[in-house]
Number of protein chains: 2
Amino acid sequence: MERSERGRPAVYCSRSCQARAYRQRRNPPAPVTPPETERPDAHARKRRRIAEAVWRIASEHGLHTVSMRKVAAEAGVSLRMVQYYFDGKHALLVDALRLLHVENERLARARIPSDAADPRRLLRALLDEFLPLDGQRAFALRVFTAYYARSLADPALAAVFLAAEHPLERLVADIITMGQAAGSTVPGLDARREADLLVAGITGLGLDVLHERRSLADVRAVADYHLARIFAVEEGPPARSADHPRSDPA
Amino acid sequence: MERSERGRPAVYCSRSCQARAYRQRRNPPAPVTPPETERPDAHARKRRRIAEAVWRIASEHGLHTVSMRKVAAEAGVSLRMVQYYFDGKHALLVDALRLLHVENERLARARIPSDAADPRRLLRALLDEFLPLDGQRAFALRVFTAYYARSLADPALAAVFLAAEHPLERLVADIITMGQAAGSTVPGLDARREADLLVAGITGLGLDVLHERRSLADVRAVADYHLARIFAVEEGPPARSADHPRSDPA
DNA sequence: ATCATGATGATACGTTTGTATCGTAGCCTC
DNA sequence: GAGGCTACGATACAAACGTATCATCATGAT
């Protein structure tokens with residue numbers, strides 16, 4: 001019959017405290033964060049701040065070093081707060097991945113030029129999103145990589161990747177098809193197959209850059225080669241945006 | 001001056017035991033496993049057996065769930081044995097990765113046909129090594145993926161990948177070059193760029209298969225498309241070398 | 001016969017980790 | 001002004017983890 005075997009020992013301050021504790025013990029389901037999506041301001045900001053701490057730790061020391069206490073310290077809040085805003089460690093990891101995903105999509109969407117005039121240039125900008133071209137993209141790439149590996153053994157994480165990343169190859173394929181329609185591509189292409197290998201390949205090469213197994217210039221040269229292979233050579237000015245192995249780490 | 005604060009408390013069985021303990025305490029460096037590469041039989045077999053347990057746990061539940069005790073249980077040995085044969089947890093992980101690498105290279109080398117007659121067929125066989133075509137390859141791919149992510153934050157693991165995997169793109173490039181010399185490829189190719197995207201892309205697509213984000217047939221279709229793009233279309237019989245997933249979970 | 005050594009069992013320590021409370025302060029509403 | 005709710009602090013605890021011993025039993029050298 002012992003009510004509490006763990007946690008702080010029960011030395012009730014008053015009858016009212018004891019009564020409230022008893023009541024809360026009776027109906028455990030979710031008095032915490034019931035709205036889940038409302039409370040548009042402070043609540044979401046706190047969650048985001050804690051999630052950012054998860055990202056930083058995962059990016060710098062790996063996902064396996066993420067603990068509730070480290071996250072709390074990194075976010076500058078108490079352990080209790082991490083528990084309060086997230087439903088346990090697993091939920092924290094899953095939610096942090098979700099948040100990173102929407103954040104990343106927001107940033108990417110802002111970075112690629114919306115003037116869809118030149119399919120080749122558009123495709124180039126899109127593929128650049130998978131390369132660690134700046135600190136932010138390298139950061140996100142590291143975190144995603146850590147999560148990706150973990151998702152092989154965690155269906156909840158896998159679901160986030162599944163739901164999120166899929167239409168990307170289709171987008172690339174659409175851009176190539178657009179180029180085909182405009183007659184600016186080499187004839188006889190299979191847009192879907194080209195898109196599939198491009199996306200998977202550039203992603204992998206981006207990881208190689210993180211690993212310092214390849215230089216960024218090298219990867220961009222590979223991308224340029226294949227873009228030139230797909231699209232008929234044109235583009236009057238050389239348009240070499242960053243071909244020189246300028247070595248721009250970070 | 002207390003000699004032992006941790007571990008089993010010192011209740012010496014005899015003066016000789018005490019003397020030995022004292023001596024061992026004085027010179028800590030490596031009385032265990034000093035030969036490191038000799039003792040060709042039993043020692044290496046035990047290490048291998050323990051490493052296999054690491055692989056299995058990493059493949060099934062992720063690298064972050066690997067603990068010394070779990071490894072011991074999975075390998076059917078005592079915790080002490082894992083400590084004895086490996087120098088702590090980190091060394092266990094690193095060595096297990098090294099062993100998996102040599103094992104995988106051995107298997108791959110045995111699988112690809114050594115008759116280097118047809119470059120296209122040879123390349124196809126080589127790329128197949130990165131796809132989870134059977135239980136063994138899927139298994140190894142899962143483990144490597146887990147390690148790869150961790151290696152982003154662990155230089156010792158990164159070193160294993162760096163030293164190991166690099167000449168692979170060069171090999172693919174050489175095969176393409178071989179095809180170019182034989183005149184069986186489309187003109188105007190850059191063998192290195194083609195090899196870089198092929199290896200990175202097929203690897204990434206293989207991961208998609210593990211994630212069940214793609215079907216194996218889909219990935220092989222992508223590979224076939226690009227092989228056909230690189231090599232002039234020929235090959236009378238369809239020449240499907242190993243389509244049936246024979247499922248050999250070694 | 002003694003002793004060193006390698007392999008293995010047994011056990012315990014100190015720390016970290018996830019989680020479970022209990023308590024309180026500030027609202028807001030009746 | 002009593003009671004409910006949310007946000008937060010403080011604390012505690014069991015389990016797991018990495019590691020550090022000590023003990024024992026072979027076997028082979030001295």
Side-chain angles (χ1 to χ4, degrees), chain A residues 2-25 27-28 30-35 38-39 41-43 45-47 50 64-73 75-93, chain B residues 2-25 27-28 30-35 38-39 41-43 45-47 50 64-73 75-93:
Chain A
E2 307 92 334
R3 275 276 159 236
S4 75
E5 295 266 332
R6 277 162 48 174
R8 193 194 237 205
V11 183
Y12 293 101
C13 55
S14 68
R15 282 289 307 184
S16 130
C17 275
Q18 180 177 19
R20 181 160 59 250
Y22 175 80
R23 245 173 289 121
Q24 192 164 341
R25 245 181 280 121
N27 48 351
V32 287
T33 32
E38 69 170 351
R39 188 89 67 246
D41 50 341
H43 208 83
R45 263 201 303 274
K46 263 276 174 69
R47 278 171 63 89
I50 296 175
H64 66 284
T65 71
V66 172
S67 77
M68 305 242 130
R69 285 171 173 85
K70 288 216 195 89
V71 168
V77 301
S78 72
L79 168 62
R80 181 65 174 83
M81 286 305 94
V82 182
Q83 287 189 270
Y84 183 76
Y85 284 100
F86 295 89
D87 229 28
K89 181 179 186 182
H90 190 248
L92 168 64
L93 293 182
Chain B
E2 305 93 334
R3 275 274 159 240
S4 73
E5 296 265 333
R6 277 161 48 173
R8 194 194 236 205
V11 183
Y12 293 99
C13 56
S14 69
R15 282 289 305 186
S16 129
C17 275
Q18 180 177 21
R20 180 160 61 251
Y22 175 80
R23 245 174 288 117
Q24 192 164 343
R25 245 180 281 120
N27 48 352
V32 286
T33 32
E38 70 170 350
R39 189 87 68 243
D41 50 341
H43 209 82
R45 264 204 302 275
K46 264 275 173 71
R47 279 172 62 88
I50 295 175
H64 66 285
T65 70
V66 172
S67 78
M68 306 240 124
R69 286 171 171 86
K70 288 216 196 88
V71 168
V77 301
S78 71
L79 169 62
R80 181 65 174 83
M81 287 303 94
V82 182
Q83 288 188 270
Y84 184 76
Y85 284 99
F86 294 89
D87 229 28
K89 180 179 185 182
H90 190 249
L92 168 63
L93 293 182

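Being a predicted model, the structure only gives us computed values, none of them experimental. All values below come from the heavy atoms of this structure, side chains included, with hydrogens, waters and symmetry mates left out.
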Nearest of dG9(D), dT19(D), dT17(C) to any side-chain atom of Arg69(A)?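 Of dG9(D), dT19(D), dT17(C), dT17(C) is nearest to the side chain of Arg69(A).
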
With the side chain of Lys89(B) defined as its heavy atoms from C-beta on, choose the nearest nucleotide among dA7(D), dG18(D), dG9(C).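 Looking only at heavy atoms from C-beta outward on Lys89(B), the closest nucleotide is dG18(D).
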
Between atom [atom1] of [X] and atom [atom2] of [Y], what is the distance when rounded to the nearest 0.5 Å?
| X | Y | atom1 | atom2 | answer |
| --- | --- | --- | --- | --- |
| Lys46(B) | Phe86(B) | NZ | CZ | 11.5 Å |
| Arg47(B) | Leu92(B) | CZ | CG | 9.0 Å |
| Met81(A) | Gln83(A) | CE | CD | 9.0 Å |
| His43(A) | Tyr84(A) | NE2 | OH | 6.0 Å |

For [N], take OP1 and OP2 only and decide whether either is under 4.0 Å from a side-chain N or O of [X].
| X | N | answer |
| --- | --- | --- |
| Tyr84(A) | dG9(D) | no |
| Lys70(B) | dA16(D) | no |
| Ser78(B) | dT8(C) | no |
| Ser67(B) | dA16(D) | no |
| His43(A) | dA7(D) | yes |

So, does the side chain of Arg80(B) form a donor-acceptor pair with the base of dT21(D) at under 3.5 Å?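 By the distance-only test, yes, there is a pair.
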
Taking atom P of dG18(C) as reference, at what distance in whole Å does atom CG of Asp87(A) sit?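 Atom-to-atom, Asp87(A) to dG18(C), this comes out as 15 Å.
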
